[in-house]
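Just so it is clear, the values below take in all heavy atoms, side chains as well, and ignore hydrogens, waters and symmetry mates.
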Amino acid sequence: MTAQSPKISLTRYLVEQQRVDGRIPSDLRLLLEVVARACKSISHAVNKGALGGVLGTAGSENVQGEVQKQLDIIANDVLIEANEWGGHLAAMASEEMDSIHVVPNRYPQGEYLLLFDPLDGSSNIDVNVSIGTIFSVLRKPEGSAPAVSEQDFLQCGARQVAAGYCVYGPQTTLVLTVGDGVAMFTLDREQGSFVLTQENVRIPEDTKEFAINMSNMRHWDAPVRRYVDECLAGQEGPRGKDFNMRWVASMVADVHRILTRGGIFLYPWDKREPDKPGKLRLMYEANPMAWLVEQAGGAASTGRQRILDIEPAKLHERVSVILGSKNEVERVAAYHSR
Ligand code: P6P
């Protein structure tokens with residue numbers, strides 16, 4: 001993409017993609033454009049920071065038992081309100097809501113199900129570090145009852161029809177896949193629209209950069225411990241090369257870096273809460289990120305299975321996440337199989 005080439009808006013990109021292979025029916029195009037507009041509103045609220053009186057906690061907890069930030073709730077409300085009226089959705093599910101939100105009877109219902117983490121990385125909001133919105137789109141299952149239910153959402157990640165995130169950082173960038181590669185759109189604040197800035201995103205199969213919260217090292221399982229120890233051993237160790245480490249503690253920021261320059265991200269199961277398979281949520285964090293990474297030539301595993309193959313049992317279930325540069329993810333998976 002050169003500076004002289006015409007600016008391709010998100011709308012034009014979606015229309016032209018629809019012409020190519022019919023992958024984006026008009027209702028799905030409307031859904032994606034509405035989500036993008038909601039992300040613009042969220043970006044505006046986030047960018048105000050202290051000036052908008054929106055920092056700090058809301059004095060409540062979400063279904064995960066986590067303290068909610070004011071912006072968590074604002075972002076959730078923006079996405080709900082933006083997506084209710086369009087007739088493209090049957091229901092929505094959010095990290096910030098215990099149960100699904102069915103489109104009210106005063107609006108027509110559509111065939112799509114939208115899941116989202118409205119503002120991932122909340123712990124970074126008050127310290128001005130990049131955060132983001134993550135979303136996943138499923139179809140309401142064929143032959144399901146007219147009344148949409150939570151059961152309709154329990155589909156493996158391989159059945160997503162669209163997935164993406166919007167990162168609120170130095171730029172506000174929307175990253176999207178509908179199953180034909182990954183495209184990135186940067187918000188042009190002068191025009192107020194998302195403009196295509198990269199397509200056919202590819203993750204290098206090898207990397208020298210890993211992302212993990214090192215403070216949990218004593219709690220990790222042996223395969224993860226072995227992998228990280230070998231990275232830390234560097235040139236003189238079994239990997240024969242030095243590694244760099246990053247940990248933003250905002251999945252959207254870490255994944256955006258990996259999509260941009262490669263790397264491996266690990267948030268594995270650990271002994272702190274042995275009954276939980278991991279910290280991150282399958283339906284609206286791991287699945288959309290796993291599809292984006294695979295669509296960019298990377299891999300996404302729990303260490304023992306492909307994330308997109310997991311058949312969910314609960315809407316808010318958690319999962320161990322190892323994703324990024326294909327050869328590194330496969331190495332960690334191999335250590336789990338020994
Ligand atoms: P920790 C943010 O709360 C999040 O869900 C992800 O965005 C991030 O990767 C992870 O948790 C950070 O967790 O334990 O390092 O604070």
Below 4.0 angstrom, N of the basic side chain to O of the carboxylate: do D188 and K7 qualify? yes
Should D221 and R304 count as an ion pair when the cut-off is N to O under 4.0 Å? yes
Would you say the side chain of E311 lies within less than 4.5 Å of the side chain of L154, judging by non-hydrogen atoms? no
D229 with R226: basic N within carboxylate O range, under 4.0 Å: no
Would one find more than 12 heavy atoms of other residues, nucleotides or ligands at under 6.0 Å from atom NE2 of H44? no
Sorted by first residue and then second, give each ring-ring contact (aromatic ring centres under 6.0 Å, His included) pair with at least one member in residues 47-100; sequence neighbours left out. none
In the hydrophobic clustering (ILVMFWY, side-chain contacts below 4.5 Å, transitive), which residues join V127, or is it alone? V129, V248
Nearest-0.5 Å distance that lies between atom CD1 in I264 and atom CG in L323: 8.0 Å
Applying salt bridge (Lys or Arg N to Asp or Glu O under 4.0 Å) as the test, list every pair that has at least one member in residues 318-330; sequence neighbours left out. R239-E328, K326-E330
Aromatic ring pairing Y227/Y335, orientation class (parallel under 30°, perpendicular over 60°, tilted between): tilted
Residues which pass side chain to side chain contact (heavy atoms under 4.5 Å, CB included) with T177, listed by chain and number, not counting sequence neighbours: A163, V182, W291, L292, Q295
Please evaluate residues C166 and L174 with respect to the criterion side-chain contact (heavy atoms from CB on, under 4.5 Å), reporting the C-alpha separation (whole Å), side-chain torsions for both, the decisive distance (0.1 Å), and the verdict. CA-CA 4 Å; C166 192; L174 180 77; 4.1 Å; yes
With sequence neighbours left out, what residues match F153 under ring pair (Phe, Tyr, Trp, His ring centres under 6.0 Å)? none
Got a sec, which residues hit side chain to side chain contact (heavy atoms under 4.5 Å, CB included) with E16, two or more places apart in sequence or on another chain? R12, R19
Beyond-backbone contact of V224 with H336, side-chain heavy atoms, under 4.5 angstrom: yes
With respect to L113, which candidate in Q160, R139, Q155, M283 satisfies the side chain to side chain contact (heavy atoms under 4.5 Å, CB included) definition? Q155
pair L176-F194: side-chain heavy atoms closer than 4.5 Å: no
Here the gap from S136 atom OG to Y284 atom OH, rounded to the nearest 0.5 Å, amounts to 11.5 Å
Within a reach of under 6.0 Å around CZ of R189, are more than 12 heavy atoms found that belong to other residues, nucleotides or ligands? yes
Between M245 and V228, does the side-chain contact (heavy atoms from CB on, under 4.5 Å) criterion hold? Intermediate values first, please. CA-CA 10 Å; M245 196 212 93; V228 175; over 6 Å; no
Ring centroid separation F265 to W247 under 6.0 Å: yes
